[in-house]
Amino acid sequence: MSTQSNDGEILLSVKNLVKRFPIKGGILNREVATVRAVSDVSFDIRKGETLGLVGESGCGKSTLGRSILRLIEPTSGNIFFKGQDITKLGADEMRRLRRRMQIIFQDPYAALNPRMTVEQILSEPLEIHGLAESREAKRKRIFQLMDLVGLRRESISRYPHEFSGGQRQRICIARALAVEPEFIVCDEPVSALDVSIQAQIVNLLQDLQKELGLTYLFIAHDLKVVEHISTRVAVMYLGKIVETAESEVLYENPQHPYTRALLSAIPIPDPTIKKERIILRGDVPSPINPPAGCYFHPRCPIATQKCQEVWPKLYEINGESKIHRAACLYADRKDGPDEGILSSR
Amino acid sequence: MRSIRRLSDLEGKEAMSEKILEVKNLETSFRLEEGVVVAVAGVSFDVYKGKTLGIVGESGCGKSVTSLSIMRLIPNPPGKITGGEILYKGKNLLDFDAAAMRKVRGNEISMIFQEPMTSLNPVFTIGNQIIEAIALHQNLSKKECRNKAIEMLKLVGIPSPETRIDDYPHQLSGGMRQRVMIAMALSCNPQVLIADEPTTALDVTIQAQILELLRELQNRVGMAMILITHDLGVVAEVCDEVVVMYAGKVVEQGSVEEIFKNPKHPYTRGLLNSIPTMKKDPTGKVKKTRLETIPGIVPNMLHLPKGCRFQDRCTFVLDACRQAEPELRVIKGDDRLPHAIRCIRDI
C-alpha cells in the first residue's frame, strides 16, 4: 500500500497486520475457532502527528494498539518503526526499543501498583533502562517529570490511592515519559475520567506533544475527543479499517456508511439542533464468525447483493486534496448504489 | 372540527403539566468511619407527567444517591435519608412502610441502572426475571404473565422475543441486556421511570438506539422520566428540564434551552466548555481551540470549604463566596419552570 502523503517523515508503518486468537475446546484441546481481532490492517503514522483510532467496543482497536508494541504478539504482518521491522526483534532488543515506544492505559486505577509510591513508580523505568547514574540525578529527573505533567513535588512519597483519577492518569503519563519515548499509544486515556478532568488531560497530552515532539496513536470510542486531538483518523469495524482521512475531512465528509452512522449517533450538546439520525439496526456481529462479503452489510442501510459477496478494499476517494480512503463499494457515490438495495432495508 | 382539535390540544397540554413527583429539600447522609458525609444536601425539584428531567454532574456529586433515595434503596446502615420530603402524587414516600414501598417500587416508580450485566441475575432466564416483576404487581395468571413479558420484549425491539425470553443474560449483547432492563422496568406501566446512566456503558450507535426507544416509549405511555447522566449531549437531546448538581447541591436548574443557551453558574459553564465541540467558524472551517478546563478537582465531602462549594475551582470567586454559602435564587422564568442558580454573581 502506498504512503498517505508526502509531508513529514514516517515514524511508524504497519503493514498487513493480523491478530487471531485461537479458541480451544474439546477433549484434545484443539483449536475449534478463531477470533479475528485484527485482520489485514495497514497504516502509517508520521512524526509529530496524532492518528486517532475509533470504533465500537470489540472492534479490535485495543488489540491493534497493543500488537504495535508487541505486548500482544501479532499473528502476521510487519511493523516498521523508523524503518526497522520490529516484528523480527528478539526480547532484549525489543525491550531496548520500548524506550522509544510507550503506552498509556485506560484505567489509571489498575495501571499503577497500589503498593508503590510515586517515586518508586517513576524510578522503575529509569532503573530498568539505566537512565539515572546517581540517586540525586534520579530524584532530579523525577521532579522534572512531575513538573512536566503538573503533579505537585510534595506528593512524591504518596501512594496511588491518595490521588484522584485525573492525578493518577498524570502519574501514568509521567511514567511513560520517563524513558523519553518518541511514540506513545494512548489506549482510551480519558474514558474513565469526568468531563472536566478529561479536558485537563487532553490539554496536557497536546502540550506535551508540542513540547517534546511526540507522536501519538490515540485510541478512543469518544468521537468528539478524537476529532479534537487527531491529525488523521482511522475508523475500525470488526478488525478492519473501513475509512481513513484527515480529521476535518472525515468528520465533514464521511464516505463509509458506518462512519456516517457513527457520526450521526453522537449526541450534540445543543437542544436547538435536531439532526437527522441514522439508527443502525442490530449489534456488531461476532468476530468469530463474521458475515460473508462486507462485514458491515447486515447493518448497512445501503447494502446491495454485491456487498454480500465481496469484501471491498480501501478505495481512494477522488476530488479531495488530501488522501481519503473508504472500504465501501459505493463510497464516493453521493446518491448511493445504482444497483438495487437489499429489500430487507 | 378545528375548534375541537384545539380543545383537545389544550387538554393534552393541561394533562402534560401535571406534577407527579416532588422532591423537597432531600437530605441523605452516610455515616463513615471518618465522619458523616452529607451526599445529598437539600435537593429540590419537580417532575411532570410526560416530561423528562435530567440530573447532571460529575462522579460523586450525589446524582445517583438522589435517585436511590427516591426509590428508598439507600443501604442503611451506613446511609440514611435525614431530611426532606419525596411527594409522589401528593403522598410522602418517606412515610411509607416497607410493604407499601414495595407496592410503589417497580410498579409506580421504576428504575434502570447503569450496568445491565450486574443488574440482571445471571442464573435466571430474562423471561423469569421480567415475569417476576409482573407477577408481583399484577393479578395475572402464569400464562398471561409470560405473554405480557413477550409483549414487553417486543416493545423494546428484541428480535424473536418468543424464543429470546428463555435466554440467559450472558447470551445477550450489552445493548440487548439494557433493552431487557427497560422491558422489566416498563412491564408494570410505571408513572415515573428513573434511568441512572442508562447508556453510559454502551457504544454510541447502541446509545442512539436506546435513547430513541426511551423517547418513543415515553411518547406512547406518557410517563415521566428522570435521566441521570454526565453526558451533556444526551441531556440536550432527551431532556426538557435540567438540574445541575455539584458536591451534593443543586447549583443550577432550568429548562434545557435556558441551561444550554444561557448557562449562568460558573460550574455549568465550565462543564459545557470542556466538551470538545464540532463548532465551525464563519468560513465553515472546523475550529480547533484549546479545551477550556475547570481547574482542580471536586472537594472532599468530609472537609467542605466554608461558603460556596465551588469556590476553589471558580474563576469568578469573590471574598463573599468564602463567607457564606449562596442560596439558590431564581433569575428568570416563572414558577413552573424557573431558571435558578446557586451563585451570588451575575456573569
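Below, chain A is the first sequence line, B the second, and so on; all start at residue 1.
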### Task
Measure the shortest side-chain to side-chain distance between A/R277 and B/Q209 over non-hydrogen atoms and say whether it is less than 4.5 angstrom.
no
### Message
Counting neighbours of CZ on A/R153 that are heavy atoms of other residues, nucleotides or ligands and sit closer than 6.0 Å, is the number greater than 12?
### Response
yes
### Task
Supply the atom-to-atom distance A/I229 CD1 to B/L291 CG, rounded to the nearest 0.5 angstrom.
8.5 Å
## Note on the structure
Against chain B, residues from residues 191-203 of chain A with at least one heavy atom under 4.5 Å, in numeric order, are A/D194, A/V195, A/S196, A/I197, A/A199, A/Q200, A/V202, A/N203
### Task
Supply the atom-to-atom distance A/L280 CG to B/D203 CG, rounded to the nearest 0.5 angstrom.
11.0 Å
### Query
How long is the gap from CG on A/D222 to CG on B/D231, to the nearest 0.5 Å?
8.0 Å
### Query
Which bit of B/V234 is near chain A, if near means a heavy-atom gap under 4.5 Å: side chain, backbone, both or neither?
both
### Message
So for B/Q207, is it side chain, backbone, both, or neither that comes closer than 4.5 Å to the heavy atoms of chain A?
### Response
side chain
Side chains of residues 293-305 of chain B: which donor-acceptor pairs under 3.5 Å do they make with residues two or more places apart or in other chains?
from, atom 1, to, atom 2, distance (Å)
B/N300, OD1, B/L302, N, 2.8

### Query
By number, which residues in residues 243-260 of chain B have some heavy atom less than 4.5 Å away from chain A?
B/V256, B/E257, B/F260
#### Entry: Leading residue by heavy atom contact count with chain A [cutoff under 4.5 Å; candidates B/E237, B/M176, B/K261]
B/E237
### Query
Can you find a heavy atom in the side chain of B/I275 that is under 4.5 Å from one in the side chain of A/K224?
yes
### Task
Heavy atoms only: give me the nearest A/A265-B/A208 pair and the separation to one decimal.
CB-CB, 4.0 Å
### Query
Hey, which residues of residues 52-64 of chain A are touching chain B, say heavy atoms under 4.5 Å apart?
A/E56, A/S57
### Task
Name the region of A/D207, side chain, backbone, both or neither, that has any atom closer than 4.5 Å to a heavy atom of chain B.
side chain
